[in-house]
Amino acid sequence: MKTLSTYLEEQGYHCRSLNLPLTRLEFDKSVLLVEQVLSEMALHKDARIHLVGHSTGGLLIRKVLKETDNLAAIGRCVQIATPNHGSQLAYVASKIVGYTQYFRTLRSLHTTYIEQLNLSKDPPCPIGAIAGTRNHLWLGKLLEGDNDGRIELASVQYPGLTDFISVPYGHKEIHHQREV
């Protein structure tokens with residue numbers, strides 16, 4: 001997210017990137033960390049706090065919006081390549097013995113898990129989503145429909161979004177693009 005932070009700072013935003021333990025710890029551990037940082041920032045900020053998340057980070061945003069006590073401090077949110085309806089690849093990976101034991105965040109990208117989160121389809125603040133359409137990774141060939149090599153375009157969009165756009169980038173490069 002460093003590249004994205006640099007671009008946003010050039011536009012006048014002050015950015016704080018969080019190094020979340022999403023690979024090897026459960027999704028909910030990261031939600032708690034984000035909420036702690038948000039609470040700290042809300043105490044010391046007069047301006048609105050805008051949230052930007054890539055992939056699982058976008059789901060974290062939705063979960064934080066559902067549970068936070070600091071909703072008044074939040075301005076707008078942007079999800080980048082977020083599997084709001086789950087990921088077909090996460091489902092396939094869950095079938096490989098031991099894979100999700102090591103990459104625990106993949107469990108949180110499973111459609112059933114996301115449905116159990118009961119995330120609002122009508123968010124309390126504006127949320128825009130950016131999806132990629134460059135399927136140049138071999139894993140993307142396993143997916144049906146337009147995708148960014150990891151996440152399906154149809155999984156990013158949901159009715160509660162304030163805005164939605166797709167751009168011609170892959171999952172691992174989308175958040176490094178100035179246009180995004």
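- When hydrophobic clusters are built by joining Ile, Leu, Val, Met, Phe, Trp and Tyr residues whose side-chain heavy atoms come closer than 4.5 Å, directly or via intermediates, V180 is not grouped with F164.
- By the salt bridge (Lys or Arg N to Asp or Glu O under 4.0 Å) test, K63 pairs with E67, sequence neighbours left out.
- Distance alone, capped at 3.5 Å, places no donor-acceptor pair between the R178 side chain and the L4 backbone.
- Applying the salt bridge (charged side-chain N to carboxylate O under 4.0 Å, His left out) test to residues at least two apart or on different chains, none of the pairs has a partner in residues 151-161.
- Listed by chain and number, the residues in a side-chain hydrogen bond (donor to acceptor under 3.5 Å, both in side chains) with Q116 amount to none (sequence neighbours excluded).
- Residues satisfying the side chain to side chain contact (heavy atoms under 4.5 Å, CB included) criterion with L33, sequence neighbours excluded, are L20, P21, Q36.
- Nearest heavy atoms, I61 versus V52: CD1-C, 3.6 Å.
- The side-chain hydrogen bond (donor to acceptor under 3.5 Å, both in side chains) check on S39 picks up E35, N70, with sequence neighbours excluded.
- Qualifying side chain to side chain contact (heavy atoms under 4.5 Å, CB included) partners for Q11, counting only residues two or more places apart in sequence or in other chains: Y13.
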N/O donor to acceptor pairs below 3.5 angstrom from side-chain atoms of residues 119-132, sequence neighbours left out:
unit_1 : atom_1 : unit_2 : atom_2 : d
S120   : OG     : D122   : N      : 2.9
S120   : OG     : D122   : O      : 2.7

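- Applying the side chain to side chain contact (heavy atoms under 4.5 Å, CB included) test to R16 and every residue at least two apart in sequence or in another chain returns L18, V37, E40, M41.
- A single hydrophobic cluster is not seen to contain both L51 and L8; linkage of ILVMFWY side chains at heavy-atom distances under 4.5 Å, directly or through other members, places them apart.
- Judged by distance alone, the side chain of H175 and the main-chain N or O of T3 form no donor-acceptor pair under 3.5 Å.
- The side-chain hydrogen bond (donor to acceptor under 3.5 Å, both in side chains) search around S5 returns S17, not counting sequence neighbours.
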Under 3.5 Å, sequence neighbours excluded: what are the donor-acceptor pairs made by side chains of residues 75-85?
unit_1 : atom_1 : unit_2 : atom_2 : d
Q79    : OE1    : N84    : ND2    : 3.0
Q79    : NE2    : G58    : O      : 2.9
Q79    : NE2    : N84    : OD1    : 3.1
T82    : OG1    : S55    : O      : 3.1
N84    : OD1    : R62    : NH1    : 2.9
N84    : ND2    : V156   : O      : 2.7
H85    : NE2    : Q157   : O      : 2.8

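- Within the 4.5 Å cutoff, the side chain of V167 has heavy atoms near those of the E179 side chain.
- For E173, the salt bridge (Lys or Arg N to Asp or Glu O under 4.0 Å) criterion is met by R134, not counting sequence neighbours.
- Think of L32 as one node in a network of Ile, Leu, Val, Met, Phe, Trp and Tyr side chains linked at under 4.5 Å; it has no links at all.
- When all heavy atoms of G149 and L143 are compared, the closest pair comes out as C-CD1, 4.4 Å.
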